[in-house]
Amino acid sequence: FQKMRFAPKDVNWADAQSVKSLFDLLLARKINSAEELETWLLDRSELESSISQTGTIFYIKMTCQTDDVPSAERYKNFITTVIPVVKPLEHQLNGKYLNEIKRFPLPEEYYSVYDRSIQAEVELFVDENVPLQTKVDLLSQEYQTLCGAMTVLFDGKERTLPEMSKFLLETDRHLREKAWVATAKRRLADQEKLDALFNEMLKLRCQIARNAKFSNF
C-alpha cells in the first residue's frame, strides 16, 4: 500500500465530478522542467491507478455474485458515468504530455515505450467511440451476468461452470467427457442469448474500428 501524494484521501472515485476535478488540476498545472514533468507523470499515474482500482473492485464484486443487484448497479453506474468522462480527459492529458516532452525531453531509455504508447492512444482516440465503448462494456456486463447464472447438476450436486472446469483435469477419461458434455449442454441452453450478445458486440466493435479509420477491429 502506498499513501496518496496527489489525490485527497476522501475522494469519491465513483463520482464523475470529483474525478474530473483532479484531471482539471493536472491539465492546468504549469510545468517548468523535466523534473516537474516526471512529478506530473507520477501524479497522473496515481490518479489513473485509483480509478482503475475502483472499477476493478466494482467488477470483482459484481462477478463474484452476479445476482447481487446493488453490486451490479454500482458497476453499471461507474462505467456509464465515470469512464465516459475520464476517457476524453485522458486524451487531453496525452496531448499535454506530448507537447511537454518537446520542451523537456525525458531519457529515451526509460520513456521510449511509454512515449510510443501515448502517441498510439492519441492517434486512435475518436470522440464518437466513447459512447460506443460504453455500450460494449454494458454488453460485457450482461455476458458476465448470464454466464455467472449458469449452473450444472453434476454427480448429485449443483455446480458453477468454473467448478466444473476442475473435472476436465481428471485422469478418468469418462469423467472428463461427462463433465465437458454437461458444461457444453448448459451453454447451449443459452445459445440464442449468447449469440445475440456476440452479434451486437461485433457490430459495435466494427463501428469503433471504422471510426478510427481501420477496416476491422
Side-chain angles (χ1 to χ4, degrees), residues 1-60 74-138 140 204-217:
F1 176 77
Q2 185 172 332
K3 291 183 179 180
M4 292 288 189
R5 46 170 284 162
F6 167 62
K9 295 180 180 179
D10 59 349
V11 174
N12 179 4
W13 297 105
D15 177 68
Q17 190 56 47
S18 298
V19 171
K20 181 180 182 301
S21 66
L22 295 174
F23 275 93
D24 290 340
L25 289 175
L26 288 178
L27 287 168
R29 184 187 297 181
K30 300 294 184 182
I31 295 174
N32 300 303
S33 67
E35 290 75 16
E36 289 184 6
L37 179 55
E38 288 189 296
T39 299
W40 182 87
L41 282 174
L42 289 173
D43 291 343
R44 175 182 181 174
S45 176
E46 178 186 286
L47 170 58
E48 293 179 332
S49 296
S50 299
I51 296 168
S52 176
Q53 176 177 277
T54 301
T56 299
I57 291 172
F58 287 160
Y59 178 81
I60 291 172
R74 276 192 295 271
Y75 178 73
K76 182 178 180 180
N77 181 70
F78 184 78
I79 62 176
T80 56
T81 63
V82 176
I83 299 303
V85 170
V86 165
K87 288 182 177 179
L89 291 169
E90 286 182 327
H91 178 63
Q92 292 179 48
L93 289 183
N94 287 341
K96 180 179 177 70
Y97 174 72
L98 293 179
N99 287 331
E100 295 296 345
I101 59 172
K102 294 176 183 177
R103 299 172 58 223
F104 307 108
L106 298 177
E108 186 175 345
E109 62 267 31
Y110 297 123
Y111 289 95
S112 60
V113 174
Y114 180 75
D115 291 350
R116 190 168 66 240
S117 67
I118 293 298
Q119 183 64 51
E121 287 182 17
V122 168
E123 293 172 358
L124 290 172
F125 181 82
V126 181
D127 278 318
E128 291 80 4
N129 282 344
V130 174
L132 295 181
Q133 187 59 57
T134 298
K135 291 180 180 179
V136 170
D137 291 340
L138 290 173
S140 297
L204 288 167
R205 283 173 168 161
C206 286
Q207 185 60 54
I208 288 172
R210 287 193 293 271
N211 289 346
K213 310 303 180 185
F214 288 93
S215 59
N216 59 66
F217 192 75

Closest approach of [X] to [Y] (non-hydrogen atoms, all atoms of both residues):
{"X": "Ala7", "Y": "Glu46", "result": "N-OE2, 2.7 Å"}
{"X": "Ile31", "Y": "Phe104", "result": "O-CE1, 3.5 Å"}
{"X": "Asp127", "Y": "Pro131", "result": "O-CD, 3.5 Å"}
{"X": "Ala16", "Y": "Thr81", "result": "CB-O, 3.4 Å"}
{"X": "His91", "Y": "Val122", "result": "CE1-O, 3.7 Å"}
{"X": "Ile79", "Y": "Asp137", "result": "CD1-CB, 3.8 Å"}

Is any side-chain heavy atom of [X] less than 4.5 Å from a side-chain heavy atom of [Y]?
{"X": "Leu98", "Y": "Ile118", "result": "yes"}
{"X": "Leu26", "Y": "Leu47", "result": "yes"}
{"X": "Ile51", "Y": "Phe23", "result": "yes"}
{"X": "Gln133", "Y": "Ile83", "result": "no"}

Salt bridge Arg103-Glu100, side-chain N to carboxylate O under 4.0 Å: yes

Tyr97: which of Asn94, Ile101, Asn99, Leu93 passes side chain to side chain contact (heavy atoms under 4.5 Å, CB included): Ile101

Donor + acceptor pair across side chains of Gln207, Arg210 (<3.5 Å): yes

Gap separating the CD atom of Gln53 from the CZ atom of Phe58, nearest 0.5 angstrom: 10.5 Å

